[in-house]
Amino acid sequence: MIGACPLLAQPLANSCHSRKFNYKKKQKKKKMAQAVEDWYKQMPIITRTYLTAAIVTTVGCSLDIISPFNLCLHPTLVVKHYQFWRLITNFLFFRKMGIAIEHAIDLDFLFHMFFLARYCKLLEENSFRGRTADFFYMLLFGATFLTGTVLVGGMIPYLSESFAKIIFLSNSLTLMMVYVWSKQNPFIHMSFLGLFTFTAAYLPWVLLGFSVFVGASAWVDLLGMIAGHAYYFLEDVYPRMTGRRPLKTPFFIKALFADDTVVVARPANVRFAPPPVEEVHQD
């Protein structure tokens, strides 16, 4: 009996070790799930709504529950068949998931989804803190500007063919947010994949170069940058030049959101003001 004890103890020890391992694994998964849930709940309302709609739409298209053709921007169907939902849904679909990972275009998709979550959140929490209505109006301006540019560009000779290929503007709207954030935080130091460092003012151009490198359309990112510069000029530059603010948020949009009054001290000219020490960090 005494000689058999080690043989009996061996399976028992392995069983205890296995249970402890499985318990730790479950706890780790539970903590990760809780962290993701907390991260999601802490998102401001506009960012959380937009990101949720984009993920649900992308997953639905990937599972063939929704056809991307029913979501794309199609001027003829919008005007003649009154399919006005396309004016909104073309900003929600990024790309079907499930494509082979070796395709470089997948990396471009992941980058745009990451920048949507990151910079939409940064803008709403910082630059537009306490001004949810103004942030919503910025997105509305960007969506209207991008849609109008594509529709008008489709009627211009020599350019119509290029604009006709742009049927989803989600990536453009994301680049617009990145551009606005970079203009408002031009001195923050950043790193791209650990390869090189630069200041935030050049971030949109770095992303444009990356899109060209992986074979994506440069037009999509350029449109976002143009829309972002139009908003930046009309909201920040033009009011300082003339004292007038053409993009003042309409009252009926402000009535949709209950904003808290927040006072944010900003330099008179953030473009050329020296960077505050606490804002300079490695991204």
Side-chain angles (χ1 to χ4, degrees), residues 44-47 49-50 73 75 78-79 84 86-88 90-91 115-116 119-156 159 163 166 169-187 200-205 208 219-273:
I45 182 64
I46 300 295
T47 302
T49 302
Y50 188 18
L73 180 62
V78 171
V79 175
F84 299 116
R86 294 177 181 272
L87 299 174
I88 299 174
N90 81 91
F91 290 100
F115 285 118
L116 167 63
Y119 291 100
C120 189
K121 183 173 182 285
L122 284 175
L123 280 175
E124 190 171 359
E125 285 184 339
N126 298 313
S127 302
F128 291 89
R129 184 182 177 190
R131 298 191 296 132
T132 305
D134 293 341
F135 183 62
F136 176 80
Y137 191 56
M138 183 201 80
L139 295 180
L140 183 62
F141 168 83
T144 304
F145 183 93
L146 290 169
T147 302
T149 302
V150 170
L151 294 180
V152 173
M155 300 183 236
I156 301 176
L159 293 178
F163 279 102
I166 303 176
L169 291 167
S170 48
N171 288 347
S172 298
L173 189 61
T174 301
L175 252 294
M176 175 196 168
M177 288 186 277
V178 172
Y179 188 93
V180 172
W181 179 86
S182 71
K183 284 292 187 180
Q184 295 178 347
N185 304 272
F187 302 106
Y202 299 99
L203 178 60
W205 298 101
L208 174 62
W219 276 104
V220 174
D221 288 356
L222 279 173
L223 282 177
M225 293 170 64
I226 293 171
H229 190 76
Y231 177 83
Y232 168 73
F233 177 81
L234 293 174
E235 179 66 13
D236 291 343
V237 179
Y238 186 77
R240 286 199 296 266
M241 295 169 55
T242 64
R244 294 190 295 269
R245 188 184 171 198
L247 291 183
K248 187 176 181 180
T249 305
F251 176 77
F252 73 91
I253 293 182
K254 283 185 174 291
L256 298 175
F257 302 93
D259 291 332
D260 298 326
T261 302
V262 177
V263 178
V264 180
R266 292 181 60 190
N269 194 332
V270 73
R271 174 67 176 163
F272 300 103

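Nothing fancy with the numbering, it's 1 onward along the sequence. If you're wondering where the values come from, they're calculated on a predicted model, not measured in any experiment.
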Discussion item. With a 4.5 Å cut-off on side-chain heavy atoms, are N126 and N185 touching?
Written reply: no
Discussion item. Donor-acceptor pair, distance only, cut-off 3.5 Å: does the side chain of S127 make one with the backbone of L123?
Written reply: no
Item to complete: Keeping the roles fixed (side chain from E124, backbone from I46), state whether a donor-acceptor pair exists under 3.5 Å.
Response: yes
Worksheet item: Can you tell if the side chain of F91 reaches within under 4.5 Å of the side chain of Y50, non-hydrogen atoms only?
Response: yes
Discussion item. I'd like to check T249 versus F136 (side-chain heavy atoms, cut-off strictly below 4.5 Å). Are they in contact?
Written reply: no
Worksheet item: With a cut-off of 6.0 Å (strictly less than), are more than 12 heavy atoms of other residues, nucleotides or ligands near CZ of F84?
Response: yes
Worksheet item: If you measure from CZ on R240 to CZ on F233, what distance do you get to the nearest 0.5 Å?
Response: 10.5 Å
Item to complete: For the residue pair L169 and L173, establish whether any side-chain heavy-atom pair is separated by less than 4.5 Å.
Response: no
Worksheet item: Looking only at heavy atoms, what is the nearest atom pair of L223 and S172, with distance?
Response: CB-OG, 4.0 Å
Worksheet, complete the sentence: Separation between CG (D134) and CZ (F141), nearest 0.5 Å, reads 14.0 Å
Discussion item. My understanding is that only residues two or more places apart in sequence, or in another chain, count here; which of them pass side-chain contact (heavy atoms from CB on, under 4.5 Å) with I88?
Written reply: none
Worksheet entry | Shortest non-hydrogen contact between Y179 and G228, atoms and distance | CD2-C, 3.4 Å
Worksheet entry | Heavy-atom closest pair, residues V180 and Y231 | CG2-CD2, 4.0 Å
Practice prompt. Look only at the side chain of T47 and the backbone of C120, and say whether a donor-acceptor pair between them is shorter than 3.5 Å.
Written response: yes
Worksheet item: At what distance, to the nearest 0.5 angstrom, does CG of L203 lie from OH of Y119?
Response: 4.5 Å
Item to complete: Specify whether Y232 and H229 have parallel, tilted or perpendicular ring planes, treating 30° as the upper limit for parallel and 60° as the lower limit for perpendicular.
Response: tilted
Worksheet item: Hey, are the side chains of M177 and L122 touching, using non-hydrogen atoms and a 4.5 Å cut-off?
Response: no
Worksheet item: Can you name the ring pair (Phe, Tyr, Trp, His ring centres under 6.0 Å) partners of F163, sequence neighbours left out?
Response: W219
Worksheet item: Looking at CE of M176 and CE of M225, how far apart are the two atoms once the value is rounded to the nearest 0.5 Å?
Response: 13.0 Å
Practice prompt. Mind checking the OG1-CZ spacing from T174 to F115? Nearest 0.5 Å is all I need.
Written response: 10.0 Å
Item to complete: Could you tell me the separation between the CG atom of L146 and the CD1 atom of I166, rounded to the nearest 0.5 Å?
Response: 9.5 Å
Worksheet item: Between P246 and Y238, which heavy-atom pair has the shortest distance, and what is it?
Response: CD-CD2, 3.6 Å
Worksheet item: Closest approach of L151 and P75, non-hydrogen atoms and distance?
Response: CD2-CG, 3.4 Å
Fill in: P204 to S182 - nearest heavy-atom pair and separation
CG-OG, 3.5 Å
